[in-house]
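Structure first, then comments.
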Amino acid sequence: MSSEQPILPKDAAAAEGKVNVQINGKWHRFPKGTRIADACNSVGVHVPCFCYHPKLSVAGSCRMCLVEQGMPPRLAPGATPTYNDDGYQTIQWMPRAIVACANTVAENMGIRTDGTVCREARRAVLEFLLTNHPLDCPICDQAGECKLQEYTADYGQPSHRFTEAKIKKGKNISIGPRVNLDQERCVLCRRCVRFMKEIVGEETLGVVGRGGHNAIACYPGKTLDSNYSMNVVDICPVGAMTSKDFRFKMRVWFLKSTPTIDVNCGTGTNINIWTREQQVYRITPRQNDEVNSCWMPDDHRLNYKYINAPERLLTPLIRTDAEAEQQPAAWEPLLRAVAEQLRLCKSSELAIIASARLTNEELYLTKHLADLLGIKALDIVPRMGESDGMLISADRNPNTTGAKLILGRDGSSLPDIVRGVKIGRIRSLIVLGEDVTAEAGISAEQLGELDYLLVVAHSESPTVRAADVVLPGVTFAEKYGTMINVTGRIQRLNRAIEPLGEARADWDILRALLQECGEATLKAVRATSSMDILEEMSEQFEALSGVTWANIGNCGRPVLETGVTIPLIEREKPRKS
Amino acid sequence: MTMTEQPDVIEVLAEAKPSPGEKYYPPFEVTPELTEKAKEYIAMYPEGKELSAVLPLIHLVQEKHGFICPQSVLWIAETCRSTPIHVQGIVSFYPGIRTRCPGKWHIRVCHTIACALSGGEELLTYICEKIGVDPKTMTDAEPMAVSEDGLWSIEAVECLANCGFGPNIMINDTLYSQMDRAKVDALVAEYSKKA
Ligand code: SF4
Ligand code: FES
Ligand code: FES
């Protein structure tokens, strides 16, 4: 009898706000309100889903997630429940399957995904989905990462019983400036429709027609032109929405993905860079519920072409005579020569214009270079714009927070340095990762009047052309490092490709310079990676104490209170709770 | 396996589909009465649920103007705080909602099983001949044919809920059962004279 058992599993679970659920014969405990699909997936029992997306409202329309479900039998009036030896009631299985996405777990519920009911349901759903599907996988960009392909391989049937004529729909429709639509491949999950309505707040997409003629469409005269439009390409489970930029460029299975962060603004959207050998092919958002949820803006996603562009600097350059052309040079002698030159400069006539696009580690070395050379005139180039009310931060620099913490500079003394250059008070300039002819507003002629201009940069620019020495650095895709976003969260940059040509990671260039300039006490001078530098920094900055490369992880961790928030994330919070 | 040619949905939406029937219906126009009526409909639903009035407004427009033209889609969307694509989704979902103007007399011929078996199929061809339209112009994308003089239009429809007395047809909103050729002749003659 139940009364002999001191605590039943149901009571133990209830005390934690949880319920017991049997999944494929094994009992698990989940918080009340957990969706069956999430519960199953969290314990390694795969439930295929097309329409369900954790960030969107539940549609429950594709029926791909059907599972077999059972509950304890309903008691006759007056009867008391009986429990087996393990303390559970027997499960009475329902003859029909239910959707796992729109239903939540309940006490003593049973779920089976390995029985005939579920297997048959999945097979049948796939058979229906494929009746009118064009089966053009060989030329489909989604092939290799297509849910329809995966589920068909896992749960589908090898043959096709549908011999009637397939319904033709629109193919290769330019539905927006960056997205193409293939209505025949669409499984009508409506994720794209819900995304545009619920996340972007623009109801641009809709479903027209009925039955087999159902199709996704924009109203005539409207296009899918939001700056977040390409997210529909990511969430489309099939190859119906494709990126114009990536179409037919590369089969996805040849690509390697590297988790890193976007450096186009202070949000530091978490991304994956997809590369093959030394070439970047695309960028996609990576889920981080504290930073960017599952999304990213199109202009940031597409801003990667410069990584493999012909403008990249591949060798160190030196100008030996004022009038001469810059000549390629070898790293080591050049670094030595630079150090010699820097030591000759009067520190009051020397300035550093650094960048809030540098990593914390690079800023740290910059700080020490300035200290070693006695430079007071040091600042970053601020880049303030307007927030888009979604993910794009008003601060277009990715690491202003880091610059403030490490350099103690926020760009406010830049005008002073610029004036110094213009009136000739500053005779020599070190520019790190910036084109100072742009936002900083120093003209190429003014740069030409300097005695000495040392530039570390990854690509051609008027500043680079005016330089006496150019040390080729790398883009964010080629180096490790950390940055702190506008909310005060430290995040990791990971290297997706090797530095191109003879270019070196900026931290390594700065480290070598420091060494050549005679810095001896700093551990970071002997660092073999930016992780080593981070380690030293964690001992010196209170905000970074206890921070290691490993415990930052792929999702970052908050280290500072800045009071700044990310609008899209704030909007998502109440929805979550 | 052959594939049936289907025009692109987006193009279909955008296409203006002129019809000779237009001379028998007033063109769509936002009048004070229409706005008044719309307000009345919307007031029937709880606050913030203007979206629910989309379907009644579609009926309102179709009744008066014969069909749902692109301008009316925009008006309904605006009135119900919806979007054109949402309204278009509803318009394109229901076969009873037209995107092309019918003739003055719109004939619906039931082609669901009971009527089809009792002669509805043949009747459809016969009526087409009678009112001077080519049944081949009735396709999935454009199920309705309109006579050149705009007086008639015809469409095959699903069950008219009078299966025991087929074949059934409907002219505008009046049901006629147990039809045969003679009855069709008589009806066509009668309606041709009606104002
Ligand atoms: S286009 Fe893709 S995301 Fe949109 S409904 Fe079709 S399958 Fe779903
Ligand atoms: S994922 Fe559950 S019905 Fe689509
Ligand atoms: S089948 Fe024609 S009225 Fe029902």
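Quick note: numbers below take in every heavy atom, side chains included, and nothing from hydrogens, waters or symmetry partners. Per chain, numbering begins at 1; letters A, B, ... match sequence-line order.
More than 12 heavy atoms of other residues, nucleotides or ligands shown are found within 6.0 angstrom of CD on B:Gln178. The neighbour count for B:Glu63 CD, taken as heavy atoms of other residues, nucleotides or ligands under 6.0 Å away, does not exceed 12.
Across all their heavy atoms, B:Ser92 and A:Gly209 have their closest contact at OG-N, 2.7 Å. Between A:Tyr219 and B:Ile85, the closest heavy-atom pair is N-CD1, 3.6 Å.
Residue pairs satisfying the salt bridge (charged side-chain N to carboxylate O under 4.0 Å, His left out) criterion with at least one member in residues 152-170 of chain B, sequence neighbours excluded, are absent.
Listed by chain and number, the residues in a side chain to side chain donor-acceptor pair (under 3.5 Å) with B:Thr79 are B:Trp75 (sequence neighbours excluded).
For the pair B:Gln88/A:Pro220, no side-chain contact is recorded, criterion being any heavy-atom separation below 4.5 Å from C-beta on.
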